[in-house]
Amino acid sequence: MAKVSETTLEINLAALKHNFEFLKSKLQNNTLFLAVVKAFAYGSDAAVIAHFLQKMKVDYFAVAYINEGVALRKAGIKTPILVLHPQLNNLSLAIEHCLEPSLYTLKIMQEFERLTIQQHQKHYPVHIKFNTGLNRLGFEANELDLILKQLSKTKTLRVKSVFSHLAASEDLEEKDFTLGQIDRYKNLSTKFIQGLGYPVIRHLCNTSGVLNYPEAHFDMVRCGIGLFGYGNAHKDAQNFRPIAALKSIISQIHSVNKGESVGYNRGFISPLGSEIATIPIGHADGIGRHFGHGVGVVSICGKKAPIVGNVCMDMIMVDVSGIDCKEGDEVVLFGPEFSAESAAEVANTISYELITGISQRVKREILTK
Ligand SMILES: *Cc1c(COP(=O)(O)O)cnc(C)c1O
């Protein structure tokens, strides 16, 4: 791997391919694969990831918001794109860019139908989302008849899929709850399809659902985090290859005497004298203040160096006492050998938050092996 010369998020497409193939190996041959590439493909680079997966013949993409889908279309992505959480204010942009909305309230369904009529659309693909226990987005079971009535009258909408989302697929202690969700989804989607009168795609599982509930894959699965190299459980981690490595370099090293302080508000006082390295990455890049005061560590020449004092906007200082290093040397914040999962865990967060928080200021570099 090439050495970096500034703060860089390396994105490894060979690892992405491995993860995609590993997840596919868990599916029946005819199960469709939807890749979730919301939030810049979990903080990496949505256009690069989507182009790569499009070449690997992924069946569907999903994003959270309409503007994320617009960006993918502008980057040349032709694969169908499901928008999980469209908002009323820019629904017409979805039509303009051939994005397929999830309809989760009557209001959004009626408004979207109105726009499709206004724009002379026919059989515009939409997806119906049911709430089965997450209590976040989706129609309730008791709205089934109302939705079916509405859909029976429409000439402009065509339902492509009916789906729901699991609340605790990674947590085997919540297995009974999840089995209940699967059961509710099975009943609801069966009744829905019967009422609709034509077949549609059924999908329920995210990454952990794919791994833990093979009986619930239905016609399609929706994977995000696994593609990027993380499982939600330690037992799964070894099967994935993290696609991203966050690296930086040492800008400067200070020798600090016993009793001297480091950083804003004198957040660190050296107990015995220390070698302190300054790294050009801070909370504006996604290294939150909760990593300060020794909570977070970085890896330098294979050795762990704790973050000392307060995390600044553009910098952190780390204690490199006893580590044979110099200005310009590489610093790893997380990577294949030092996982984002464990980096996140020490700060009481999860890999999802750490990786999606890496800000757009950080240079992205694409590696192919
Ligand atoms: C984010 C999201 C996913 C992907 O979940 P992972 O745990 O990252 O695989 C799937 N479905 C919905 C509705 C989501 O919001």
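Start at 1 and go down the list; that is how both ligands and their atoms are numbered.
Annotation: cation-pi geometry satisfied between Arg158 and Tyr198 (NZ/CZ under 6.0 angstrom from ring centroid, within 45° of ring axis). Annotation: cation-pi pair Lys160/Tyr60 absent, no NZ/CZ under 6.0 Å from the ring centroid and within 45° of its normal.
Ligand 1 lies nowhere less than 4.0 angstrom from a heavy atom belonging to Phe228.
Considering both main-chain and side-chain atoms, Lys38 comes within under 3.5 Å of ligand 1 through a nitrogen or oxygen pair. For Leu84, no nitrogen or oxygen atom sits less than 3.5 Å from a nitrogen or oxygen atom of ligand 1, counting backbone and side chain alike. On a distance-only criterion, Phe163 and ligand 1 share no N/O pair closer than 3.5 Å.
Residues Asp219 and Thr31 bring no donor and acceptor atom of their side chains to less than 3.5 Å of each other. Side chains of Glu113 and Thr154: a donor on one and an acceptor on the other come within 3.5 Å. At a cut-off of 3.5 Å, with distance as the only test, a side-chain donor of Arg222 or His203 sits close to an acceptor on the other residue. Under the 3.5 Å distance criterion, with hydrogens and angles disregarded, a donor-acceptor pair is assigned to the side chains of Thr132 and Gln181. For the residue pair His127/Glu100, the side-chain donor-acceptor check at 3.5 Å is satisfied.
The protein heavy-atom contact nearest to atom 5 (O) of ligand 1 is Asn206 CB, 3.4 Å. The protein non-hydrogen atom at the shortest distance from atom 12 (C) of ligand 1 is His165 CE1, 3.4 Å. Looking from atom 4 (C) of ligand 1 to the surrounding protein, the closest heavy atom is Tyr42 OH, 3.4 Å. The shortest contact between atom 11 (N) of ligand 1 and any protein heavy atom is with Arg222 NE, 2.8 Å.
The distance from ligand 1 to the heavy atoms of Tyr352 drops below 4.0 Å at these ligand atoms: 6 (P), 7 (O), 8 (O).
Not less than 6.0 angstrom separates the ring centroid of Tyr352 from the ring centroid of Tyr230.
At a heavy-atom distance under 4.0 Å, atoms from both the backbone and the side chain of Thr207 approach ligand 1. Under 4.0 angstrom from ligand 1, the non-hydrogen atoms of Arg136 all belong to its side chain.
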